[in-house]
2 protein chains.
Amino acid sequence: MAADVATAFGPRKMPIQTRATVTVGAICEATIQVLLSHGADRLTTTRVAARAGVSVGTLYQYYPNKHSLLFAVFEDHMNKVSQAVEAACADACYRPMSEMIRRVVEAFVDAKMQRADISVALYKVAPDLGGPALVRRTGQRLRKAIELMLLTAPDLKLSPDRFAIDMVLSAISGAMRSALEAGASPAVFRKVRAHLVLLCQSYMAAAAAKGA
Amino acid sequence: MAADVATAFGPRKMPIQTRATVTVGAICEATIQVLLSHGADRLTTTRVAARAGVSVGTLYQYYPNKHSLLFAVFEDHMNKVSQAVEAACADACYRPMSEMIRRVVEAFVDAKMQRADISVALYKVAPDLGGPALVRRTGQRLRKAIELMLLTAPDLKLSPDRFAIDMVLSAISGAMRSALEAGASPAVFRKVRAHLVLLCQSYMAAAAAKGA
DNA sequence: TCATTGGATGAAGGATTCTTCAGGTTTGGA
DNA sequence: TCCAAACCTGAAGAATCCTTCATCCAATGA
């Protein structure tokens, strides 16, 4: 099944020479820019190529169709966020639960903010592209990492609640989404970050208490 | 400014005879159906008209362009959700804060679930259409209603925290979105509903304590 | 009954967009 | 230097799609 996805949406050819690597990078970056400046429905392969400073033909040498181009950018972003959160999980093992949560939430928020423009751009195309499906897969991946981390918490008696973790993840992404789409200022983002920590900590504590 | 929006996206003509009312209703319903079965990028005016059992020309008699059709359906849905929440706010005045929160959260969730198919369909087109803008306007509207309600809470000393309310609203919609897009079962939705109440209650309590 | 207004039709114009491919340019190793 | 492989070009084919408008049908009320 992974093979199907690869042949349908995967890149057509990998760049070998440095020149080509630069080209592919420029194409991806141009995709983001066009998405931000023109919107999803006016993103055309020609426009992306022009913005990247190459011809359309070049674009089609690396991506079999428009879909696969968008998907590649999307997948790459999700991967980076996942890696950041997983690293935070690994670092936070054996610490008190509230600090675990703080670290994970902050890692997630920071990863999204790192390239806020990409996040905003991708919100516009996620719906086409099996967006929800990839989001779900990423969610499961993050949940597993968090679950493993919580198992090492010294102050947690019961096994961690899977459902509560999903809840927290979707709440965080919801809050981040509206802040990002609203184009919030750095000051507001700091506040959102702090409050998200508070929100997750208080909910996880309440959920654990209820489960007992 | 409202006039600009009206002339650009507003319906072209209001139905007068019952026959026309039925037609317009069929067109809106068909829009949802096509969105669900074909996706946003393959939603064509011809397809919508066919599904509604009318010709394209009829569609263009009521909506000046594809955009305005989508926008009308979108706006209508947001209005219904808003009204449901506002009604809940009015009903919950002068009650303990935790019950206020429970009622509002449940009202929101129930309103979304009422026509879950519409919610899911709209996630696919919100990005085009000034989606975020309308979402923000609706958010402000809801926040005001909630703020007014909280002012009557007997067990709340400080004035309600605007930021916290926005936080709660975006967290709720995030959780609902992922549940809806995942096509969760009724049982799961009941659990989401209960946990969202818990999440909002514990966060609001924590935020109030911190603010003191 | 009959004129007037509302409502519906759907072929066709006009405009985009995706994607290909034949041929030219650049790179890197032998 | 020289060649094969990698890379790039961009005009043009093929396929959609949005929107209009001339024309016909249905309802209303005087």
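Values below: all heavy atoms of this structure, side chains included; hydrogens, waters and symmetry mates excluded. The sequence lines fix the lettering, A, B, ..., with proteins before strands; numbering per chain opens at 1.
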Subject >> Interatomic distance where CG belongs to N65(A) and C1' belongs to dT19(C) [whole Å] >> reply: 9 Å
**OP:** Would you list the pairs meeting salt bridge (Lys or Arg N to Asp or Glu O under 4.0 Å) in which at least one residue belongs to residues 164-185 of chain B, sequence neighbours left out?
**Re:** R143(B)-D166(B), R177(B)-E181(B)
Original post:
K13(A) has an atom NZ; how far is it from atom C1' of dC8(D), in whole Å?
Top reply: 9 Å
**OP:** Using modelled atom types only, decide if a donor and an acceptor are shared between the side chain of K112(A) and the backbone of S173(A) within a distance under 3.5 Å.
**Re:** no
Subject >> Lys/Arg N to Asp/Glu carboxylate O, E75(B) vs R137(B), below 4.0 Å >> reply: no
Subject >> Neighbours of DNA chain D within residues 19-28 of chain A, by heavy-atom distance under 4.0 Å >> reply: R19(A), A20(A), T23(A)
Subject >> For M113(A) against L180(A), the heavy-atom pair lying closest together >> reply: SD-CD2, 4.5 Å
Subject >> T58(A) vs dT9(D): side-chain N/O to OP1/OP2 distance below 4.0 Å >> reply: yes
Original post:
Any side-chain N or O of Y62(A) under 4.0 Å from OP1/OP2 of dC8(D)?
Top reply: yes
Original post:
Is Q83(B) atom CD crowded by more than 12 heavy atoms from other residues, nucleotides or ligands, each under 6.0 Å away?
Top reply: yes
**OP:** Evaluate the side chain to side chain contact (heavy atoms under 4.5 Å, CB included) criterion for residues L43(B) and H38(B): first the C-alpha distance (whole Å), next the side-chain angles of each, then the deciding distance (0.1 Å), finally the verdict.
**Re:** CA-CA 7 Å; L43(B) 180 281; H38(B) 293 258; over 6 Å; no
Subject >> Whichever of G57(B) and Q17(B) has its nearest DNA chain D nucleotide further upstream toward 5' >> reply: G57(B)
**OP:** Check whether any side-chain heavy atom of L129(A) lies under 4.5 Å from a side-chain heavy atom of H67(A), and answer yes or no.
**Re:** yes
Original post:
In whole angstroms, how far is the P atom of dA6(D) from the CD1 atom of I16(A)?
Top reply: 5 Å
Original post:
Is there a donor-acceptor contact under 3.5 Å from the side chain of T152(A) to the main chain of L148(A)?
Top reply: no
**OP:** Measure from NE2 on H67(B) to P on dT19(D) and round the result to the nearest Å.
**Re:** 10 Å
**OP:** Give the nucleotide from the list dC8(D), dG7(C), dT9(C) with an atom nearest to the side chain of S55(B).
**Re:** dT9(C)
Original post:
What is the distance from CG of L59(A) to P of dT17(C), rounded to the nearest Å?
Top reply: 15 Å
**OP:** For salt bridge (Lys or Arg N to Asp or Glu O under 4.0 Å), just list the numbers for E99(A) and R102(A), CA-CA rounded to whole Å, side-chain angles, deciding distance to a tenth of an Å, and then say yes or no.
**Re:** CA-CA 5 Å; E99(A) 189 177 338; R102(A) 183 180 61 78; 3.6 Å; yes
Original post:
Of the residues in residues 35-53 of chain B, which ones touch DNA chain D at a heavy-atom distance under 4.0 Å?
Top reply: L43(B), T44(B), T45(B), R47(B)
Subject >> Separation of atom NZ in K66(A) from atom C1' in dT16(D), rounded to whole Å >> reply: 12 Å
Subject >> N/O (side chain, Y60(A)) to phosphate O (OP1/OP2, dT19(C)) under 4.0 Å >> reply: yes
Original post:
Can you tell me how far P of dG24(C) sits from CD of Q61(A), to the nearest Å?
Top reply: 16 Å
Original post:
At under 4.0 Å between heavy atoms, what does V56(A) touch on the DNA or RNA strands: base, sugar-phosphate, or nothing?
Top reply: base
Original post:
Can you check the L70(B) CG to dC17(D) C1' distance for me, whole Å?
Top reply: 14 Å
